[in-house]
Amino acid sequence: MATPKVFESEYRFCLILWDNEPIGSSELAKLCKEKLGWSRTTTYTVIKRLSDRGVVINENAIVHSLISKEEVQKAEIDDLVEKKFNGSLPDFIATFTRHQKLTNEEIEQIRKLIEKK
């Protein structure tokens, strides 16, 4: 099953949720007001939208995620690689490394990740 799309403002909401879950919807609305400037209504609308798409669940006014941050990030990267690099991970990595200053430590971390695979 494919990971549902999480749009940018929804992702910022999910970051708050992932850091605080499980959390009451009214407390979540307070955090979204504080951190995102959202009204209570906006927060409840986003909870409903994400719930309808299977990203979160709201049971008895307690909200928790059904999809992890890592799953959302992976889906976003997969989509980016597919759309912008014709599905070529080597092309993506080549472009990324050409335009990023990597420390020796970061290069070594990447090398270890590749060797693991």
Side-chain angles (χ1 to χ4, degrees):
M1 182 170 93
T3 301
K5 177 74 175 163
V6 176
F7 298 96
E8 186 60 35
S9 62
E10 295 169 339
Y11 184 76
R12 290 184 290 131
F13 165 87
C14 286
L15 289 173
I16 295 168
L17 176 61
W18 289 319
D19 284 344
N20 294 282
E21 68 182 322
I23 186 171
S25 56
S26 62
E27 184 62 27
L28 184 54
K30 288 177 190 173
L31 285 173
C32 288
K33 172 74 171 166
E34 176 186 316
K35 295 179 186 257
L36 302 174
W38 288 3
S39 69
R40 181 177 298 277
T41 305
T42 299
T43 299
Y44 290 154
T45 298
V46 171
I47 291 170
K48 172 77 168 106
R49 194 179 322 140
L50 290 174
S51 180
D52 289 347
R53 292 203 318 264
V55 176
V56 305
I57 189 165
N58 185 10
E59 289 182 324
N60 301 317
I62 303 296
V63 183
H64 64 90
S65 64
L66 295 173
I67 296 174
S68 71
K69 179 179 178 181
E70 291 77 19
E71 288 172 299
V72 172
Q73 290 171 333
K74 180 190 177 307
E76 198 65 29
I77 291 294
D78 289 348
D79 189 48
L80 172 74
V81 170
E82 188 60 40
K83 285 181 179 176
K84 305 295 183 190
F85 299 92
N86 289 329
S88 173
L89 187 57
D91 286 351
F92 167 77
I93 292 171
T95 300
F96 178 81
T97 56
R98 270 194 300 265
H99 300 286
Q100 292 288 334
K101 297 281 187 199
L102 298 174
T103 66
N104 287 338
E105 182 179 319
E106 290 170 326
I107 292 168
E108 188 57 33
Q109 288 174 340
I110 292 168
R111 183 175 286 123
K112 285 179 182 178
L113 287 172
I114 291 170
E115 287 172 359
K116 267 187 185 178
K117 291 290 179 181

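Side chains included, hydrogens not; waters and symmetry mates left out as well; all remaining heavy atoms used.
- A side chain to side chain contact (heavy atoms under 4.5 Å, CB included) with Leu80 is found for exactly one of Lys83, Lys84, Glu82, namely Lys84.
- Taken together through direct or relayed side-chain contacts under 4.5 Å among Ile, Leu, Val, Met, Phe, Trp and Tyr, Tyr11 and Leu17 form part of one hydrophobic cluster.
- No donor-acceptor pair closer than 3.5 Å links the side chain of Arg12 to the backbone N or O of Leu36.
- Between Phe92 and Phe85, the angle of the ring planes goes over 60°, which puts this pair in the perpendicular group of the 30/60° scheme.
- Nearest approach of Gly54 to Ile67, heavy atoms of both residues: O-CD1, 3.7 Å.
- Judged purely by atom type and a 3.5 angstrom limit, Gln100 has no side-chain atom pairing as donor or acceptor with the backbone of Thr97.
- For Asn20 (side chain) and Ile16 (main-chain N/O), a donor-acceptor pair under 3.5 Å exists by modelled atom type.
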Practice problem: Show your working on side chain to side chain contact (heavy atoms under 4.5 Å, CB included) between Arg40 and Ser26 and close with a plain yes or no. | Solution: CA-CA 8 Å; Arg40 181 177 298 277; Ser26 62; 3.6 Å; yes

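- Between Lys112 and Glu115 there is no salt bridge, since no side-chain nitrogen of the basic residue lies less than 4.0 Å from a carboxylate oxygen of the acidic one.
- For the residue pair Thr42 and Ser39, a side-chain donor N or O sits within less than 3.5 Å of a side-chain acceptor on the partner.
- The number of heavy atoms from other shown groups lying within 6.0 Å of CG (Asp52) is above 12.
- Residues Leu102 and Ile114 share a hydrophobic cluster, clusters being chains of Ile/Leu/Val/Met/Phe/Trp/Tyr side chains in contact below 4.5 Å.
- Residues Ser65 and Glu21 bring a donor and an acceptor atom of their side chains to less than 3.5 Å of each other.
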I'd like a table of donor-acceptor pairs (distance under 3.5 Å, sequence neighbours excluded) in which one partner is a side-chain atom from residues 27-35, with atom names and distances.
none

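- Within a 6.0 Å sphere centred on NZ of Lys5, other residues, nucleotides and ligands contribute more than 12 heavy atoms.
- Of all heavy-atom pairs between Cys14 and Val6, the closest is SG-CG1, 4.3 Å.
- In plain terms, the two heavy atoms of Leu15 and Lys69 that are nearest each other are CD2-CE, 3.9 Å.
- By the side-chain hydrogen bond (donor to acceptor under 3.5 Å, both in side chains) test, Arg49 is found to be paired with Glu10, residues two or more places apart in sequence or in another chain being considered.
- Contact check for Thr103 versus Ile107: no side-chain heavy atoms found under the 4.5 Å cut-off.
- Counting heavy atoms from C-beta on, the side chains of His64 and Trp18 never come closer than 4.5 Å.
- Heavy atoms from other residues, nucleotides or ligands lying under 6.0 Å from CZ of Phe96 number 12 at most.
- The two residues Val56 and Ile47 come nearest to each other via the heavy atoms CG2-O, 3.7 Å.
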